[in-house]
Amino acid sequence: MWARPSRHRNARSMKDTITALLETALEALKADGTLPAESHPAIRIDATRDREHGDYATNLAMTLAKSAGMKPRELAERLVAALPESPVLHDIEIAGPGFINFFVDTGSAAEVLMTIIDAGDSYGHSDVGGGSPVQVEFVSANPTGPLHVGHGRGAAIGDTLCRLLEATGHRVTREFYYNDAGAQIDNLTLSVAARVRGIEPSDPSWPADGYRGDYIRDVAESYMRGETVVADDRRVTAKADPDDQQAIREFAVAYLRHEQDLDLRAFGVGFDVYFLESSLYQQGKVEATVERLIEGGHTYEADGALWLRTTDFGDDKDRVMRKREGGYTYFLPDVAYHLDKWQRGFTTVINEQGADHHSTVTRVRAGLQALDAGIPEGYPDYVLHQMVLVTRSGVEVKLSKRAGSYVTLRDLIEEVGRDATRYFLVARPATSQMTFDIDLARSQSNDNPVYYAQYAHARMCSVMARAERDGHPFDAELARASLDRLAEPRERDLITRLQLFPETVARAALAREPHQIAVYLQELAAEFHGCYNAVRVMVDDDALRNARLALGLAVRQVMHNGLGLLGVSAPEEM
RNA sequence: GCGCCCAUAGCUCAACCGGAUAGAGCAACGGCCUUCUAAGCCGUAGGUUGCAGGUUCAAGUCCUGCUGGGCGUACCA
């Protein structure tokens, strides 16, 4: 409802304003010889943590003190003296070891509220990506069973990462890579074929490495009923012939891909490209990669196998490319696949994977370097997430009825809901092992961080509804003229927090750390709830009321945008 | 053995390319609903940021070495 063209996307922020003032001061100090003329210091402005320190602070005097041959506080004095007059600042102080603290005029600080309201859904977006293409590969589960919690974490992190990249001006391709032809699929086929013949996992003749979950029976029954399954990337009708292994294989793969599609759809995650490992073989890309590696001179034969000297590129031991028996190891198609990504024009590629695959990072990168294809050394980027432990009543949950040996993503979505599942899985840094507490995620109470954030949004919607009902609809012009009335410390803190949103989005995208958005939203919600309880919005004073409505609307908008980045809904009432 | 990740309040976790007094929630205790949603707020208590060094004006954050945990260390993926 507030979506409008993003003409305010590049509205000048308070930090930009202060940075410009400091640049002027720096030039003056260079001109009078206080600072060396050739220095080009990076100016860093931080929002302060403590209101005593003003709204913003810079450590510039401390970082320059050495090159200026002065004490930090002394240099700070010079800098402050050289700062041009500005109507947006009502005070500047030097504090502590040499910080320069800026106290911003209330009305000027609050102008960001109107920027937010005008920008609507695009507030927080930027064009720092310049429209450059980025490919994000995530989930990439083989179609051998339902997705598990780990895949869920990958889906939540990967998809949020994509949304962050889109919000910062990148063209994002979401890609899902899987193997429909390897040993795991052989085991799947044998398992379904066994079920088709009525053999159960407890039977001695059950395949040695077969999949034992109940879903195998579902696949077998569907196959024998001659059903048609439609996955996002394939469609197969079962032949219902218990002896046709190839037909069983094709059906089982399609069936389980479809199951995964359902899981992902329920999770709000979709893909642009499904990439088959088998296509690399069919199109000769694996062979071509091998030949290129051999030509590059980084290979040798030993023990009947063909090796790649990955130790030339930082690996701790060389790796087999072609086995003694003739087949290729998994790492070779991985290299061919990433060469293909590069050749498709993706100069930035991010792979989101479980950390249990971290040993592939060095190998894939080494293989790409050995190709001598001009691919940069750190290519591709990796985001590796650590294990997820699921608990209920303080006890680890290991089993699911459908999958048998692990907790499925669908179990979680059905039990705690999509919003809570997504939020929980994305709210922690990927590098940290996390515990998914089912009781907490289910609880419809103040314990639950998801509701805490959503409630802030719903609460403000309720206030707006009240304003309409009372015949006091929001008056943007009156609000704009009354922004200087937002002088309560809590209101000032909220304004500062809101202004931080775009750079938080940009930083989260750049660092590939989607959890930063969740952290931000918790802080924003906390400040909003505190302000709500302390400062009444619906007051009789028209100017004050509308200024506060503007603040509330801006909070609501940022809450909405932030939750959207996480793929979590922003309910209007709860 | 080697490689990667982690270690912050009793518990689950934050901490913005190193910044000022390390922050939330839960659990404990005490308050706030005849006024905009109490899925909320306010207050009290809780810390040698695993240990030992180093770099820096400044270290939870960077470096080195330990300790403890997770993952990996296949001619499996």
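The chains referred to below are lettered A, B, ... by the order of the sequence lines, with proteins before strands, and numbering in each begins at 1. Given the structure is predicted, the values throughout are model-derived calculations rather than measurements.
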Next item on the list: Mind checking side-chain contact (heavy atoms from CB on, under 4.5 Å) for Asp316(A) and listing every partner two or more places apart, or none if nothing turns up?
Entry: Arg319(A)
Margin query: For Ala47(A) and Ala302(A), find the nucleotide of RNA chain B closest to each by heavy atoms; which residue's nucleotide sits nearer the 5' end?
Written below: Ala47(A)
Item checked: Geometric cation-pi criterion Arg257(A) and Phe176(A), 6.0 Å radius, 45° cone -> yes
Margin query: Is the phosphate of C57(B) approached by Lys66(A) (side-chain N or O, under 4.0 Å from OP1 or OP2)?
Written below: yes
Check: A20(B) phosphate, OP1 or OP2: any side-chain N/O from Arg49(A) under 4.0 angstrom?
Finding: yes
Margin query: For the P atoms, the ones on C5(B) and on U64(B), what distance do you get once it is rounded to whole angstrom?
Written below: 11 Å
Item checked: Which nucleotide in C13(B), A39(B), A77(B) has an atom nearest any side-chain atom of Asn142(A) -> A77(B)
Checklist line | side-chain hydrogen bond (donor to acceptor under 3.5 Å, both in side chains) against Arg309(A), all qualifying residues, sequence neighbours excluded | finding: none
Next item on the list: With the side chain counted from C-beta on, respond yes when Val290(A) and Arg322(A) share a heavy-atom pair under 4.5 Å apart, and no when they do not.
Entry: yes
Note to self: At a heavy-atom distance below 4.0 Å, what parts of residues 55-62 of chain A sit against RNA chain B?
What the structure shows: Ala57(A), Asn59(A), Met62(A)
Margin query: What's Val519(A) touching, base or sugar-phosphate or nothing? Going by heavy atoms closer than 4.0 Å.
Written below: sugar-phosphate
Item checked: Value in whole Å for how far the C1' atom of U12(B) lies from CG of Asn448(A) -> 13 Å
Check: By a strict heavy-atom criterion of less than 4.0 Å, which residues belonging to residues 507-517 of chain A are in contact with RNA chain B?
Finding: Arg507(A), His515(A)
Notebook entry, point to check: Touch check for Val535(A), heavy atoms < 4.0 angstrom, all strands: base, sugar-phosphate only, or nothing?
Noted result: base
Next item on the list: Could you check which of A20(B), C13(B), A77(B) has an atom nearest any side-chain atom of Asn101(A)?
Entry: A20(B)
Next item on the list: Among A77(B), G19(B), U12(B), find the nucleotide with the atom closest to the side chain of Thr435(A).
Entry: U12(B)
Checklist line | Arg319(A) side chain, from C-beta outward: closest of C75(B), A74(B), U37(B) | finding: A74(B)
Next item on the list: Using a 4.5 Å cut-off on heavy atoms from C-beta on, say whether the side chain of Arg507(A) contacts that of Thr504(A).
Entry: yes
Check: Can you tell which of U37(B), C13(B), G19(B) lies closest to the side chain of Pro429(A)?
Finding: C13(B)
Checklist line | Residues from residues 521-530 of chain A lying under 4.0 Å of RNA chain B - heavy atoms | finding: His529(A), Gly530(A)
Item checked: His358(A) side-chain proximity, nearest of C36(B), G3(B), A38(B) -> G3(B)
Next item on the list: Report the C-alpha separation of Lys317(A) and Asp315(A) in whole Å, then their side-chain angles, then the decisive distance to 0.1 Å, and conclude whether the salt bridge (Lys or Arg N to Asp or Glu O under 4.0 Å) test is met.
Entry: CA-CA 6 Å; Lys317(A) 58 187 275 195; Asp315(A) 204 355; over 6 Å; no
Notebook entry, point to check: Where the side chain of Gln386(A) is defined as all heavy atoms beyond and including C-beta, which of A20(B), C5(B), C16(B) is the nearest nucleotide?
Noted result: C5(B)
Next item on the list: Starting at atom OH of Tyr452(A), determine the distance to atom C1' of A14(B), rounded to an integer number of angstrom.
Entry: 14 Å
Checklist line | Verdict with reasoning, Arg363(A) to Asp334(A), per salt bridge (Lys or Arg N to Asp or Glu O under 4.0 Å) | finding: CA-CA 9 Å; Arg363(A) 279 177 233 182; Asp334(A) 270 358; over 6 Å; no
Margin query: Between Phe436(A) and Arg428(A), is there a side-chain heavy-atom distance shorter than 4.5 Å?
Written below: no
Check: Please give, in whole Å, the distance from C6(B) P to Leu384(A) CG?
Finding: 11 Å
Note to self: Please report the distance, rounded to the nearest Å, between CZ in Phe436(A) and P in C26(B).
What the structure shows: 19 Å
Notebook entry, point to check: Looking at the angle O4'-C1'-N9-C4 for a purine or O4'-C1'-N1-C2 for a pyrimidine, is C5(B) syn or anti, with syn meaning within 90° of 0?
Noted result: anti
Notebook entry, point to check: In whole Å, what separates the P atom of U21(B) from that of G30(B)?
Noted result: 34 Å
Note to self: Counting C-beta onward and ignoring hydrogens, is there a side-chain heavy-atom pair between Tyr406(A) and Pro146(A) closer than 4.5 Å?
What the structure shows: yes
Next item on the list: Figure out the CG/C1' separation between Asp540(A) and C36(B), and round it to whole Å.
Entry: 12 Å
Next item on the list: Find which nucleotide of RNA chain B each of Asn533(A) and Gly96(A) is nearest to by heavy atoms, and output the residue with the more 5' nucleotide.
Entry: Gly96(A)
Margin query: In this structure, how many angstroms lie between the P atom of C76(B) and the OH atom of Tyr328(A), rounded?
Written below: 14 Å
Notebook entry, point to check: Distance check: side-chain N/O of Arg490(A) vs OP1/OP2 of C41(B), anything under 4.0 Å?
Noted result: no
Note to self: For a quick test of reading the model: is some side-chain N or O of Ser359(A) closer than 4.0 Å to OP1 or OP2 of G72(B)?
What the structure shows: no
Note to self: Can you list every stem that RNA chain B is part of, counting only runs of 3 or more consecutive Watson-Crick or G-U wobble pairs with both distances under 3.5 Å?
What the structure shows: B:1-7 with B:67-73, B:10-13 with B:23-26, B:28-32 with B:40-44, B:50-54 with B:62-66
Check: Out of C75(B), C13(B), C36(B), which nucleotide sits closest to the side chain of Ser462(A)?
Finding: C36(B)
Notebook entry, point to check: CG of Asn561(A) to OH of Tyr123(A): how many Å apart, nearest 0.5 Å?
Noted result: 9.5 Å
Notebook entry, point to check: Can you tell me how far C1' of C4(B) sits from NZ of Lys317(A), to the nearest Å?
Noted result: 16 Å
Item checked: Selected nucleotide, minimal atom distance to Arg363(A) side chain, candidates U73(B), C75(B), A38(B) -> U73(B)
Next item on the list: Establish, yes or no, whether the cationic atom of Arg365(A) lies under 6.0 Å from the six-membered ring centre of Tyr379(A) and within 45° of the ring axis.
Entry: no
Item checked: Heavy-atom check, side chain of Arg548(A) versus side chain of Met538(A), under 4.5 Å -> no
Check: To the nearest angstrom, how far is Glu325(A) atom CD from A74(B) atom C1'?
Finding: 12 Å
Check: Out of G70(B), C75(B), C36(B), which has the shortest distance to the side chain of Gln433(A)?
Finding: G70(B)
Next item on the list: Measure the shortest side-chain to side-chain distance between Met70(A) and Arg78(A) over non-hydrogen atoms and say whether it is less than 4.5 angstrom.
Entry: yes
